[in-house]
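These values consider heavy atoms only, across backbone and side chains, with no hydrogens, waters or symmetry-generated copies.
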Amino acid sequence: MLSYSIAIRTLGKSGELLRQGLHSVAAQTVPPERVLVYIAEGYDRPGFTVGREEYIRVKKGMVAQRILPYDEISSDVIFMLDDDVQLAPDSAERMLKAMEEHDADCIGADTFKNQDMTAAKKIYAAVTNLVFPHCSGKWAFKIRRNGSFSYNNRPTERFYWSQSCAGNALMWRKNVYRQLHLEDEMWLDELPFAYGDDTVETYKVYRNGFRLGVLYESGCEHLDGKTSSGSFRKGPQWIRTRTIASYIIWWRTIYRTTPPASAERYYTALCFAAKSVWLFFIMCALSLLKCTPGYIVSYIKGWNDGRHYIHTESFRSLRNYVLR
């Protein structure tokens, strides 16, 4: 079986959730070679030790603490976890077996379980961000031309190929990880919140011809600590950040990966324009409902800020998203 090591990113503030996660790591039926906890500089290390975890100080940032060289890891596979994920005793074994059986380069766990949302939540996701279910017999998640994703509404198999996935429990073949130059996506940390980082990182696997899969019933459980996203989502300013990120991500990962001056590129731009207009009216309705112009103002500012950002010298100098 492939060897693996675990890499956990944390600010050290998740407390009991991190402890639960480390206990679940220590109980794995196939133990990892190393358990490395990458804690942000300037934050206190937790005052407990669960197993043989090692702490490494790194620059703060959701992306900076995840996209690392990992030179200290010699295992075949890196199992990247957030600090609020708890594993079943055989989660790593299940994912390693799926990786070997399907010859996958990267496998994500289905931790957010979109297919199990209530009807009301599915409607909300569709109305507010054009996130719809699909009934594909092949794909777990698909990325649409407008930048939104769709999810498998009735998965009947444990494993599906995917175009993107959640990043809080993600298993990489180390040699593939290194080929993707994910350090080029550090620009996400320049935003107030690295919204959409999972999409940028995992969609790059698919777009560059590697094999990304999703394992349903992996036993990985998202405990939802919200140590970073909780403060981000307070008030209408989160609309601005989400809009900036969505614009930039769409431009880099979808629009710019289509052939220049082609019908495909024009159609892609039209899809995004239609989504932008739809969300404009949604923000107008939200502003009326909340009796404040803050939501529509934040949306317009975010859209303009995203448009300006893609023309900055630092962003334009990045390597192409599709590398090969």
Problem set entry | Approximate separation, where rounding is to 0.5 Å, of Asp184 CG and Leu318 CG | 6.0 Å

Exercise. Closest heavy-atom contact between Gln20 and Gln86?
Worked result: OE1-OE1, 3.0 Å

Exercise. Got a sec: does the NZ of Lys301 have more than 12 other heavy atoms crowding it under 6.0 Å?
Worked result: no

Exercise. Are Tyr124 and Met117 side-chain neighbours, meaning at least one heavy-atom pair lies under 4.5 Å?
Worked result: no

Exercise. Does any N or O in the side chain of Ser287 come within less than 3.5 Å of the main-chain N or O of Thr292, such that one atom is a donor and the other an acceptor?
Worked result: yes

Exercise. Taking C-beta and beyond as the side chain, do Gln28 and Asp90 meet within less than 4.5 Å on heavy atoms?
Worked result: no

Exercise. So, the side chain of Ser298 versus the backbone of Tyr295: is there a donor-acceptor pair under 3.5 Å, distance only?
Worked result: no

For this session: Flag yes if more than 12 heavy atoms outside Arg154 fall under 6.0 Å of its CZ atom; otherwise flag no.
Result: no

Problem set entry | Identified ring pair (Phe, Tyr, Trp, His ring centres under 6.0 Å) counterpart of Tyr216 within the set Tyr160, Tyr151, Phe159 | Tyr160

Exercise. Could you go step by step and tell me if Leu11 and Gln65 meet the side-chain contact (heavy atoms from CB on, under 4.5 Å) rule?
Worked result: CA-CA 9 Å; Leu11 296 178; Gln65 289 175 247; 3.7 Å; yes

Seminar exercise, completed: Of all heavy-atom pairs linking Ser75 and Ser3, the shortest is CA-OG, 3.5 Å

Cut-off 3.5 Å, no hydrogens considered: what does the side-chain donor-acceptor table look like for residues 95-109, sequence neighbours left out?
from, atom 1, to, atom 2, distance (Å)
Lys97, NZ, Glu93, OE2, 3.1
Glu100, OE2, Leu2, N, 2.8
Asp105, OD2, Arg211, N, 2.8

Problem set entry | Check: Tyr299 side chain, Ser276 main-chain N or O, donor-acceptor pair, under 3.5 Å | yes

Seminar exercise, completed: Hits for side-chain contact (heavy atoms from CB on, under 4.5 Å) against Val127, two or more places apart or cross-chain, chain-then-number order -> Ile123, Trp278, Ile282

Problem set entry | Min side-chain heavy-atom separation Tyr177-Ile73 under 4.5 Å | no

Seminar exercise, completed: Minimal heavy-atom distance between Ser136 and Asn152, with the atoms involved, is O-ND2, 3.0 Å

Problem set entry | Ile254 side chain near Tyr203 side chain, heavy-atom distance below 4.5 Å | yes

Problem set entry | Any side-chain heavy-atom pair of Val50 and Val35 under 4.5 Å | no

For this session: Take Asp189 and Met62 through the side-chain contact (heavy atoms from CB on, under 4.5 Å) test and state the conclusion after the steps.
Result: CA-CA 7 Å; Asp189 273 344; Met62 287 183 66; 4.3 Å; yes

Problem set entry | Spacing of CZ belonging to Phe193 relative to CG belonging to Leu191, to within rounding of 0.5 Å | 10.5 Å

Problem set entry | Test item: side-chain donor near acceptor, Ser150 and Arg144, under 3.5 Å | yes

Exercise. Taking all non-hydrogen atoms of both residues, which atom of Thr199 and which atom of Tyr321 are closest, and how far apart?
Worked result: O-OH, 4.1 Å

For this session: Take atom CZ of Arg256 as the centre, draw a 6.0 Å sphere, and report whether it contains more than 12 heavy atoms from other residues, nucleotides or ligands.
Result: no

For this session: Would you indicate whether the side-chain heavy atoms of Leu170 and Ile78 approach each other to under 4.5 Å?
Result: no

Problem set entry | Same cluster (ILVMFWY, side-chain, under 4.5 Å), Phe280 and Leu130 | yes

Exercise. Do we get Arg19 above Phe48's six-membered ring, with its NZ or CZ under 6.0 Å from the centre and within 45° of the axis?
Worked result: yes

For this session: Flag the pair Asp197 and Arg66 as a salt bridge only when some basic side-chain nitrogen lies within less than 4.0 angstrom of an acidic carboxylate oxygen.
Result: no

Exercise. Hey, quick one: are Val277 and Phe132 part of the same hydrophobic cluster, counting side-chain heavy atoms closer than 4.5 Å, chains of contacts allowed?
Worked result: yes

Problem set entry | NZ/NE/NH1/NH2 to OD/OE distance under 4.0 Å, Arg9 and Asp83 | no

Exercise. Taking the side chain as C-beta and beyond, is there a heavy-atom pair between Ser14 and Asp84 under 4.5 Å?
Worked result: no

Exercise. Is Lys204 paired with Glu185 through a side-chain N to carboxylate O contact shorter than 4.0 Å?
Worked result: yes

For this session: Can you label the angle between the Trp251 ring and the Tyr247 ring as parallel, tilted or perpendicular, going by 30° and 60°?
Result: parallel

Problem set entry | Within 6.0 Å of NZ in Lys113, more than 12 heavy atoms from elsewhere | yes

For this session: Report yes or no: do Ile249 and Leu323 belong to one cluster of Ile/Leu/Val/Met/Phe/Trp/Tyr joined by side chain heavy-atom distances under 4.5 Å?
Result: no

Exercise. Should Ile248 and Trp187 be marked as a side-chain contact (heavy atoms from CB on, under 4.5 Å) after you check the CA-CA gap, both sets of side-chain angles, and the distance that decides it?
Worked result: CA-CA 10 Å; Ile248 301 169; Trp187 58 268; 3.4 Å; yes

Problem set entry | For Trp250 against Ala269, the heavy-atom pair lying closest together | CZ2-CA, 3.8 Å

Exercise. How about Asp116: does its CG atom have over 12 heavy atoms from other parts shown lying under 6.0 Å from it?
Worked result: yes

Exercise. Is the closest basic N to carboxylate O distance between Arg178 and Asp71 below 4.0 Å?
Worked result: yes

Seminar exercise, completed: Between Tyr206 and the options Phe141, Trp139, Trp161, the ring pair (Phe, Tyr, Trp, His ring centres under 6.0 Å) test singles out Trp139

For this session: Please answer whether the main-chain N or O of Ala88 pairs with a side-chain N or O of Ser91 as donor and acceptor at a distance below 3.5 Å.
Result: yes

Problem set entry | Tyr70 reachable from Val63 in the ILVMFWY side-chain graph, under 4.5 Å edges | yes

Seminar exercise, completed: Between the OG1 atom in Thr258 and the OH atom in Tyr266, the distance rounded to the nearest 0.5 Å is 10.5 Å

Exercise. Once you round to the nearest 0.5 Å, how far does CZ of Arg207 lie from CG of Leu212?
Worked result: 13.5 Å

Problem set entry | Nearest-0.5 Å distance, CG of residue Asn146 to CZ of residue Phe272 | 8.5 Å

Problem set entry | ring-ring contact (aromatic ring centres under 6.0 Å, His included) partners for His134, two or more places apart | none

Exercise. In terms of side-chain heavy atoms, does Ser148 have a donor or acceptor partner in Lys275 at a distance below 3.5 Å?
Worked result: yes

Problem set entry | Rounded distance [0.5 Å steps], OG1 in Thr111 versus CG in Leu223 | 10.5 Å

Exercise. Are Gln179 and Asn208 linked by a side-chain donor-acceptor pair shorter than 3.5 Å?
Worked result: no

Problem set entry | Nearest atoms (heavy-atom pairs only) where Arg45 meets Arg57 | N-NH2, 3.7 Å

Exercise. Is there a side-chain contact between Val25 and Phe79 (heavy atoms, below 4.5 Å)?
Worked result: no

Exercise. Checking Arg265 against Tyr255: charged group under 6.0 Å from the ring centre and within 45 degrees of the axis?
Worked result: yes

Exercise. With the 4.5 Å side-chain cut-off for hydrophobic clustering, are Ile56 and Leu22 part of the same group?
Worked result: yes

Problem set entry | Check against side-chain hydrogen bond (donor to acceptor under 3.5 Å, both in side chains), Ser218 and Arg94 | CA-CA 6 Å; Ser218 66; Arg94 293 186 214 179; 6.0 Å; no

For this session: Report the C-alpha separation of His311 and Arg316 in whole Å, then their side-chain angles, then the decisive distance to 0.1 Å, and conclude whether the side-chain contact (heavy atoms from CB on, under 4.5 Å) test is met.
Result: CA-CA 6 Å; His311 296 296; Arg316 290 169 63 88; 4.0 Å; yes

